[in-house]
There are 2 protein chains.
Amino acid sequence: MAFASSAVANGIFFSAKNNKPFVSYAIANDHNAKRTTAKQLPVQHVNKKAMSSSILKLPSSISNLLHLHLSAHQEVVYPPRTTNSCFPIQNEIPSCSPKDDISSLQPALHGRNDWSPVLEPLHPYVRRELIKYGELAQATYDAFDNNPLSKYQGSCLYCRNRLLPALGLSHHGYFVTKYIYATTHAHLLHWLVRPFFPSRWSDDSNWMGFIAVSGDEESRRIGCRDIAVAWRGTVSPAEWIEDLQGKLEHLPQAPDDVRVEHGFLSMYTSRSPTSRFTRSSASEQVMPELLRLVELYKKRGEEVSVTITGHSLGGALALLNAAEAGSLLPKDVAVKAISFGAPRVGNEEFGDMLRRDGVKVLRVVTKQDVVPKVPGLFFNEGLNRTGWEWIYEHVGEELELDARASPYLKNGVVDIAGFHGLETYLHLVDGYDRAEGGFRAGARRDVALVNKASGFLREELSIPANWYQPENKGMVRNKFGRWVLSGRDPEDIPSPCTANAYDVSSSVM
Amino acid sequence: MAFASSAVANGIFFSAKNNKPFVSYAIANDHNAKRTTAKQLPVQHVNKKAMSSSILKLPSSISNLLHLHLSAHQEVVYPPRTTNSCFPIQNEIPSCSPKDDISSLQPALHGRNDWSPVLEPLHPYVRRELIKYGELAQATYDAFDNNPLSKYQGSCLYCRNRLLPALGLSHHGYFVTKYIYATTHAHLLHWLVRPFFPSRWSDDSNWMGFIAVSGDEESRRIGCRDIAVAWRGTVSPAEWIEDLQGKLEHLPQAPDDVRVEHGFLSMYTSRSPTSRFTRSSASEQVMPELLRLVELYKKRGEEVSVTITGHSLGGALALLNAAEAGSLLPKDVAVKAISFGAPRVGNEEFGDMLRRDGVKVLRVVTKQDVVPKVPGLFFNEGLNRTGWEWIYEHVGEELELDARASPYLKNGVVDIAGFHGLETYLHLVDGYDRAEGGFRAGARRDVALVNKASGFLREELSIPANWYQPENKGMVRNKFGRWVLSGRDPEDIPSPCTANAYDVSSSVM
């Protein structure tokens with residue numbers, strides 16, 4: 001179905017890009033330059049051009065990058081904050097947006113025309129969809145058992161059927177069909193959370209996300225059966241960012257010159273023959289399920305889309321997954337990746353491959369977040385640099401957010417975790433209308449969520465920092481009056497059997 | 001009623017003191033010396049003697065004291081830990097001890113004969129009573145609103161009627177008749193928790209404890225109507241220990257030479273004319289209520305006892321309160337103070353006054369806890385030292401615990417908060433049988449409680465450190481789906497009216 005041109009003509013989506021001068025910001029410049037020139041020049045041409053000039057300006061190590069970012073911060077001049085800030089939070093207005101039928105927008109929502117008709121200004125329906133996928137990605141954090149004293153640390157707190165209801169996300173209308181577990185090369189095992197507990201559920205696997213399918217009602221609303229894959233990132237990028245020294249590696253089953261970051265690829269493709277959960281790799285878990293679901297719904301004559309999402313490291317995995325889905329799934333299935341605060345993943349040829357396969361990528365990036373700036377445009381000295389294929393490149397369209405636009409966030413502080421947090425991203429998406437457009441007055445998403453795992457909200461709002469915590473760290477009083485760590489309900493205990501997909505054809509949604 | 005001599009004769013309580021050599025421990029020596037010599041010499045005589053020799057050995061500032069304590073720690077030789085440690089915690093045994101009728105022991109329980117018949121070895125019934133009072137003192141911590149974003153920070157989370165049930169302490173059979181609030185001199189206001197919230201409940205008052213009365217059933221069991229006063233300490237001694245520079249001050253309405261620590265006295269006697277909660281001082285709140293209750297129950301022909309308890313700073317306030325009760329209450333009312341980890345409060349003449357008034361004091365002290373070692377035996381240079389009245393003295397009998405005796409606690413670490421925590425004290429009381437006697441095999445109190453506000457339990461026990469925390473820091477979802485700080489139930493909002501005693505004569509217990 002083609003994009004509804006009448007809607008375009010009457011100006012609902014289109015608006016001239018607000019070309020105010022960009023802030024003088026060493027790193028941000030790089031992003032902005034790429035993004036604006038992309039409007040005027042063919043994509044392939046631009047990227048090399050933008051890069052070659054960037055190479056001269058950019059530092060050669062991550063720590064330099066971080067350092068530059070912090071020191072450059074002082075020079076930035078932001079527009080003065082409006083005096084009538086949005087305080088206080090309006091706690092008596094429902095935080096859910098209305099769920100309109102958006103089936104007619106379906107092609108635009110899948111990134112046809114590289115999302116350009118719906119990003120600037122950001123179409124309200126697209127904003128809502130971005131937040132939906134972002135909340136599915138956030139679910140992978142909220143449901144992750146990171147209790148060092150739990151024998152299930154590193155797994156999901158809930159079984160597949162209870163995941164979205166337990167997190168209050170049933171209203172999105174998806175049901176989870178499969179969990180994804182991952183392991184990695186031995187030398188990167190510190191990327192995983194490994195339980196301290198002696199009789200742990202798994203030595204070398206972590207729950208890394210899930211596959212979910214839109215129910216009938218949601219499918220009607222969005223105009224297709226949407227298969228969503230949500231990839232978990234890590235709680236803190238500190239766990240993996242140090243390892244990103246530019247070890248680009250050939251992507252299996254891709255053209256010779258396609259290279260991706262070694263660590264991300266390891267996470268996506270490693271198996272552990274003795275493990276109950278990662279005998280097959282994350283890739284080998286997710287792809288058969290995608291093929292099965294696509295075949296199932298296509299047989300029913302439905303239009304099928306695949307949307308792969310993730311934040312941070314999860315965004316990188318989402319891109320690898322999207323690349324594989326783009327090459328293996330039938331060409332009439334729209335495959336898109338929506339990442340939040342994701343690092344670069346591969347070289348330019350990796351990007352070309354995604355474009356050739358018609359995979360649409362939308363990268364949501366906060367200007368002040370350092371993670372999307374890694375791995376930087378620097379060379380791995382240990383490798384033979386014979387050409388451009390050793391340079392990382394971001395893929396797809398960028399929606400650039402500005403943490404300074406929100407009147408709710410602390411101003412003038414450098415809060416690396418605050419800038420990077422997915423809840424901060426979702427808050428800023430909710431407030432985004434257009435570049436340099438300030439914070440949207442009609443934003444209704446619950447502001448307090450920003451502080452779930454950060455202290456980035458302004459003090460005046462009186463929202464506790466890092467408030468997302470279980471009562472008594474999971475200690476409960478047993479029938480003998482003694483405090484013990486609460487066990488899992490039997491159905492929530494991770495099991496390789498229940499990790500397999502159930503037969504969605506028999507499910508009633 | 002006289003002490004039941006038959007019980008003494010048949011050896012239930014009495015046992016020769018186990019006079020193993022004391023550990024060579026600079027500070028502990030001081031305690032131990034005083035304690036053993038007190039058995040052989042008349043009290044007044046001993047104290048001066050023990051002191052004068054101690055003066056030469058003891059350091060002249062708190063920081064020296066702390067330093068010496070830590071470095072001296074290396075020299076201590078403890079008995080080897082028994083190999084059959086009590087691991088794991090037996091979680092399937094009820095943690096409550098049976099409630100036997102102990103009315104015949106009543107005089108011994110009130111410290112007649114300075115508790116000597118029941119302390120060594122510790123009589124099981126006395127142990128149980130000590131834990132009861134300790135748990136009442138612990139309630140002042142557990143119910144204290146210390147949420148910096150609460151407009152009620154510094155007050156009690158619950159109204160008087162709900163306090164003990166909310167904390168699972170109904171089984172002690174007491175009901176609370178009055179809350180106590182305190183303020184202090186302006187220059188010591190940092191001893192109080194002061195809410196950040198602009199429209200706070202009180203600017204300069206803190207909830208400091210409560211008065212509770214034993215119900216009919218508990219009164220029958222213990223052989224008298226017991227009026228308990230529990231005083232809150234502070235979360236961390238760091239708040240006040242620095243101020244204890246030995247500013248001894250005359251205790252009002254006491255003989256001229258009776259002097260007590262300036263800061264404790266200020267907390268006990270300060271008023272704030274403009275405050276809703278401390279228009280009258282803590283002393284002026286607690287004493288009329290004690291007089292009223294004593295009169296009420298004595299009129300009914302009941303035997304009445306007053307037990308004043310507290311931990312840390314709360315133990316100091318308990319002693320001041322006991323001194324006042326000892327001088328103002330009828331002489332046939334047994335007044336006792338049971339303190340846990342309390343600092344020294346006054347000079348020798350203060351101790352004499354308590355002894356003259358028949359106030360029985362039991363100080364429960366952990367050998368490794370630094371707080372009972374302050375204020376030290378040093379002089380305040382700013383004052384004219386004309387005699388012994390400027391020297392602090394501990395009052396009463398000491399039950400000395402040893403944190404090294406418990407196989408559940410971390411060994412070989414210096415955990416100042418762990419040693420000092422009231423839950424650690426209660427754990428050690430539960431495990432105490434006699435000095436150097438190791439940890440009692442039959443101890444049944446829930447070990448996990450130690451880690452409520454510390455990380456002092458051994459890692460192998462897999463109990464989270466500092467686990468006592470509210471779900472989501474008090475954030476709850478309102479009916480609009482938004483996360484907000486939960487308010488107080490109207491009945492739990494502090495009010496000077498509900499702080500007044502209700503008429504217990506009409507209560508049914």
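Quick note on labels: first sequence line is chain A, next is B, and so on, each numbered from 1.
Side-chain atoms of B:Gln469 never come within 3.5 Å of backbone atoms of A:Gln469 as a donor-acceptor pair (strictly under, hydrogens ignored). No donor-acceptor pair under 3.5 Å is formed between the side chain of A:Lys473 and the backbone N or O of B:Tyr468.
Across every non-hydrogen atom of A:Leu149 and B:Pro464, the tightest pair is CD1-N, 3.1 Å. Across B:Gly481 and A:Asp446, no two heavy atoms sit closer than the pair O-OD2, 4.1 Å.
Taking 4.5 Å as the limit, some side-chain heavy atom of A:Ile463 sits within range of a side-chain heavy atom of B:Met475.
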Pair A:Arg482-B:Arg445, side chain to side chain contact (heavy atoms under 4.5 Å, CB included): steps then yes or no: CA-CA 9 Å; A:Arg482 293 178 178 274; B:Arg445 193 167 185 277; over 6 Å; no
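Using a 4.5 Å cut-off between heavy atoms, A:Arg477 touches chain B through its side chain atoms alone.
Within the model, atoms CH2 of A:Trp483 and CG of B:Asn451 stand 13.5 Å from one another, a figure rounded to the nearest 0.5 Å.
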